Amino acid sequence: MERLVKSGPGWRIGWNPHAPEFKGLLGTDDWAVELTEAELNDFCRLLVQLADTIKQIASELMDEEKIACEAESDLLWMEVEGYPHSYSLRFILNTGRCAEGQWDNSAVPGLLQAAEMLKVF
């Protein structure tokens, strides 16, 4: 597999299997952070898990009701917040260099689709 960077309005995600330590990349148009393979794997897994949780809960919420869901691993913490059809995403790395990032609700669907197709987790 070669180096891969996917991007869309307000989001970027990348994978470089030949990088010595930081094989992953996450970002927006304004910031980016490199991740280890394990961190990127956890990010993709937890993002899909959060999206699935939101889908499952959607039928139990009123139209105007917002929700916040969190998920975490030893490497990072993540949260989605908003409506089942439109929510923002935040993450915090819990490892040595520590980083934090956020995507607006308009960027999350594209980032989610790219994370599912990255095939690294």
Side-chain angles (χ1 to χ4, degrees):
M1 178 184 254
E2 293 300 313
R3 179 180 170 187
L4 174 68
V5 176
K6 293 181 176 252
S7 63
W11 63 271
R12 288 186 282 167
I13 188 169
W15 170 247
N16 182 357
H18 306 296
E21 183 177 1
F22 299 108
K23 298 177 186 283
L25 174 80
L26 289 177
T28 69
D29 298 332
D30 300 320
W31 61 267
V33 62
E34 293 180 318
L35 303 178
T36 65
E37 182 175 4
E39 291 166 344
L40 185 63
N41 289 346
D42 277 9
F43 177 86
C44 293
R45 179 179 56 81
L46 293 174
L47 177 55
V48 170
Q49 183 179 7
L50 285 167
D52 288 344
T53 300
I54 291 283
K55 284 180 192 173
Q56 292 173 7
I57 295 172
S59 64
E60 299 177 28
L61 300 174
M62 296 171 51
D63 290 342
E64 66 277 359
E65 193 171 6
K66 286 186 172 182
I67 188 165
C69 290
E70 298 178 9
E72 67 181 305
S73 71
D74 291 340
L75 303 176
L76 57 100
W77 170 89
M78 295 175 64
E79 176 187 56
V80 293
E81 183 176 10
Y83 301 100
H85 62 279
S86 178
Y87 48 87
S88 62
L89 170 67
R90 290 187 333 138
F91 81 99
I92 298 174
L93 284 180
N94 294 327
T95 54
R97 66 198 179 287
C98 298
E100 183 173 346
Q102 180 172 332
W103 292 268
D104 292 334
N105 59 339
S106 61
V108 173
L111 179 63
L112 174 61
Q113 184 178 18
E116 290 174 321
M117 294 172 31
L118 208 54
K119 306 270 189 208
V120 294
F121 59 102

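These figures come from a predicted structure and were not determined experimentally. What's counted below: heavy atoms across the whole structure, side chains too, no hydrogens, waters or symmetry copies.
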Quiz prompt | Candidates V48, N41, D42, L47 - the one meeting side chain to side chain contact (heavy atoms under 4.5 Å, CB included) with R45 | solution = D42
Quiz item: What is the ring orientation for W103 with F43, classed by angle as parallel under 30°, tilted 30 to 60°, or perpendicular over 60°?
Solution: tilted
Quiz item: If you round to the nearest 0.5 Å, how far is CZ of F91 from CD of Q102?
Solution: 10.5 Å
Quiz item: Just by modelled atom types, is the G10 backbone N or O under 3.5 Å from a matching donor or acceptor in the T28 side chain?
Solution: no
Quiz item: Does D52 CG have over 12 foreign heavy atoms under 6.0 Å away?
Solution: yes
Practice problem: Could you tell me the separation between the CG atom of L25 and the CG atom of N16, rounded to the nearest 0.5 Å? | Solution: 10.0 Å
Exercise. State whether R90 and E100 are salt-bridged, where the test is any N-O pair (Lys NZ or Arg NE/NH1/NH2 against Asp/Glu carboxylate O) under 4.0 Å.
Key: yes
Self-check item: Pairwise distance CG(D104) to OG(S86) - rounded to 0.5 angstrom
Solution: 9.5 Å
Practice problem: Please lay out, stage by stage, how K6 and M117 fare under the test side-chain contact (heavy atoms from CB on, under 4.5 Å). | Solution: CA-CA 10 Å; K6 293 181 176 252; M117 294 172 31; 3.6 Å; yes
Self-check item: Inter-residue atom distance L4.CG - L118.CG, 0.5 Å rounding
Solution: 5.5 Å
Practice problem: Could you walk me through whether T95 and R97 pass the side-chain contact (heavy atoms from CB on, under 4.5 Å) test, one step at a time? | Solution: CA-CA 6 Å; T95 54; R97 66 198 179 287; 3.6 Å; yes
Quiz item: Between CD of E39 and CG of L75, what distance do you get to the nearest 0.5 Å?
Solution: 6.0 Å
Quiz prompt | Exercise: identify the closest heavy-atom pair between I54 and C69 | solution = CD1-SG, 4.1 Å
Quiz item: Which pairs count as salt bridge (charged side-chain N to carboxylate O under 4.0 Å, His left out) when at least one residue sits in residues 12-35, sequence neighbours excluded?
Solution: none
